[in-house]
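When a ligand or atom number is given, it counts from 1 through the structure's own listing order. All residue numbers refer to positions in the sequence shown, counting from 1.
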Amino acid sequence: MNDTRRAVLDALADGPMSGPELADALDVSRNAVWKHVEALRKSGFEIESTSDGYRLGEIPEFGPAVEYGLEAPFAIEYHDSIGSTNDRARELAGEGAKDVVVLTDQQVGGRGRLEREWVGPSGGVWSSLVLRPEIPPSHAPLLTLAAAVAVTRAAREAGVPAEIKWPNDVLLTDGEANERESEQGADEIPVQPEKLSGILTEMEGEADRVSWVVVGIGVNVNIDADELPDGATSVQESVGTINRRVFTQRLLEEFDTLRAAPEKILPAWRDHAATLGQRVRVETRTGTVVGTAVDIESPGVLVVETDEGTVRVHAGDCEHLRPA
Ligand code: BT5
């Protein structure tokens, strides 16, 4: 957000102020104050003109206001509706952008992994972070894990019992933890997931250094389950509607903290994961792995104990299993 606009909001947060008072306090012209107030109104901020001066109303629940009060160094590019935030973020990355978050209320051409469709009705938090970390490409998956941890923490703060399914889905917990460590050999069926969030990371770079990384994070927040595909759920279904501005800010702040301390990402992921200790079936490009997931190793490798020994899975689609 433009610094003067932020200063206008900060000043009005303490109570109403007239145009001339604001102009004096911010050391800008009265005309500039008026222009900034108009721009803020267009962004959704309620600023009433009263006899005491400008009076700040409620901060909008979502929109460009996500940048106001955000304690992480991201600029927000907000859209009411867009095809795919990842596509727009890639465009910005190509133009040299850094630490910009493309955010939209509705996403009509969202992408999942392997070109799968991602459904993005109004009420979600559909976001893509444009990053330029100084890391080798092989470390980029850690950023995806960090995003999953950040989503889980923000969801838990909102009262939603969320957990991570390897590699980077966030699910609503349904007590399946009690069924972990199921007897080996028993007939097993997949646990029906209740997916709250998915993450799609894309990047460009040389052999030893990434040029940019786009971390696309989709969270079903204030959405009715009827608008989502089977196997999907939302924050609203779990705890009712929440303030998406605060949720998005917490998510971005948690992500920012983790990227600054990469050594904390794997331990945090382990703490928040439903997959560890769980019987799993993982479809990989080279075949199916069935066993008990026992650990995650850098930069996101799942360690599975199978009847044939320990298998390390680098990528794939994972299902949790439970006895039939
Ligand atoms: C993912 O793929 O889970 C990654 C999704 C990333 C979406 C974000 S939104 C912001 C950014 N911009 C984009 O264009 N994408 C990113 P995958 O693991 O392949 O899961 C895709 C599958 O999840 C689909 O095939 C559906 O079965 C299911 N699905 C689709 N929409 C969903 C939703 N809103 N909630 C839960 N599941 C969904």
Side-chain angles (χ1 to χ4, degrees), residues 62 66 74 76-93 100-131 141 143-145 147-148 150-152 154-155 160 162-172 174 190-203 212-238 244 247-248 251-252 255 275 280-285 300 302 313 315-320:
F62 200 51
V66 169
F74 293 110
I76 306 287
E77 183 188 283
Y78 177 77
H79 301 259
D80 287 323
S81 180
I82 196 171
S84 157
T85 54
N86 263 42
D87 290 348
R88 174 63 187 142
R90 293 176 64 118
E91 225 171 78
L92 289 170
V100 175
V101 178
V102 181
L103 181 68
T104 189
D105 172 50
Q106 183 190 44
Q107 186 174 241
V108 293
R111 293 187 282 113
R113 294 177 302 147
L114 307 169
E115 298 306 317
R116 291 189 277 235
E117 186 197 357
W118 182 260
V119 177
S122 169
V125 170
W126 321 122
S127 61
S128 297
L129 286 56
V130 182
L131 311 170
L143 293 171
T144 314
L145 301 184
V151 170
T152 307
V160 180
E163 283 188 307
I164 305 170
K165 177 166 76 76
W166 182 86
N168 45 48
D169 285 352
V170 178
L171 308 180
L172 202 65
D174 58 1
V191 175
Q192 171 73 2
E194 291 208 90
K195 184 160 161 172
L196 266 183
S197 165
I199 298 163
L200 174 68
T201 298
E202 299 178 295
M203 70 172 149
W212 52 257
V213 179
V214 165
V215 181
I217 307 173
V219 192
N220 303 325
V221 182
N222 295 336
I223 303 176
D224 199 291
D226 289 350
E227 294 189 71
L228 295 168
D230 284 351
T233 190
S234 67
V235 169
Q236 182 182 313
E237 292 295 320
S238 174
R244 282 181 296 166
F247 177 85
T248 310
L251 193 170
L252 295 175
F255 180 84
T275 304
V280 295
R281 173 161 63 215
V282 191
E283 301 293 343
T284 75
R285 255 185 310 180
L302 189 68
V313 190
D317 282 315
C318 171
E319 281 179 319
H320 292 170

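- Among protein heavy atoms, atom 10 (C) of ligand 1 sits closest to T85 OG1, 3.2 Å.
- Atom 3 (O) of ligand 1 has K195 NZ, 2.8 Å as its closest protein atom, hydrogens excluded (heavy atom only).
- Without hydrogens or angle criteria, N220 side chain to A232 main chain gives no donor-acceptor distance under 3.5 Å.
- In terms of protein heavy atoms, atom 15 (N) of ligand 1 is closest to R111 O, 2.8 Å.
- Within the 4.0 Å cut-off (strictly below), a protein heavy atom is located near atom 23 (O) of ligand 1.
- Ranking the protein heavy atoms by distance from atom 2 (O) of ligand 1 puts R113 N, 3.1 Å first.
- Between the S197 side chain and the V219 main chain, no donor and acceptor come within less than 3.5 Å of each other.
- Summary of contacts: the protein heavy atom closest to atom 5 (C) of ligand 1 is W118 CE3, 3.4 Å.
- Below 3.5 Å of separation, one finds no N or O of D317 facing any N or O of ligand 1.
- Contact between G198 and D169 at its shortest, heavy atoms only, is CA-OD1, 4.3 Å.
- Judged by distance alone, the side chain of S234 and the main-chain N or O of I223 form a donor-acceptor pair under 3.5 Å.
- Although no hydrogens or angles enter the test, the distance criterion places no donor-acceptor pair under 3.5 Å between the side chain of K165 and the main chain of H320.
- In terms of polar-atom proximity, defined here as any N/O pair under 3.5 Å, V119 does make such a contact with ligand 1.
- In terms of protein heavy-atom proximity, atom 36 (C) of ligand 1 is nearest to A232 CB, 3.3 Å.
- Considering both main-chain and side-chain atoms, W126 never comes within under 3.5 Å of ligand 1 through any nitrogen or oxygen pair.
- By the criterion of a heavy-atom distance under 4.0 Å, the backbone of E117, and not its side chain, is placed next to ligand 1.
- Here atom 8 (C) of ligand 1 lies nearest to G218 when heavy atoms of P193, G218, G124 are compared.
- We find the OG1-CG distance between T201 and L131 to be 9.0 Å, quoted to the nearest 0.5 Å.
- With a 4.0 Å cut-off on non-hydrogen atoms, S128 touches ligand 1 through its side chain and not its backbone.
- Here the straight-line distance linking atom CG of L171 with atom OG1 of T152 works out to 9.0 Å at 0.5 Å rounding.
- Of the protein's non-hydrogen atoms, Q107 NE2, 3.4 Å is the one closest to atom 9 (S) of ligand 1.
- Counting heavy atoms from C-beta on, the side chains of V108 and S81 come closer than 4.5 Å.
- Under 4.0 Å from ligand 1, the heavy atoms of I217 that appear belong solely to its backbone.
- In this structure a side-chain-to-backbone donor-acceptor pair under 3.5 Å is missing from W118 to R113.
- Using a 4.0 Å cut-off between heavy atoms, N220 contacts ligand 1 through its side chain alone, with no backbone atom that close.
- Of all the heavy atoms of R116, the ones lying under 4.0 Å from any atom of ligand 1 belong exclusively to the side chain.
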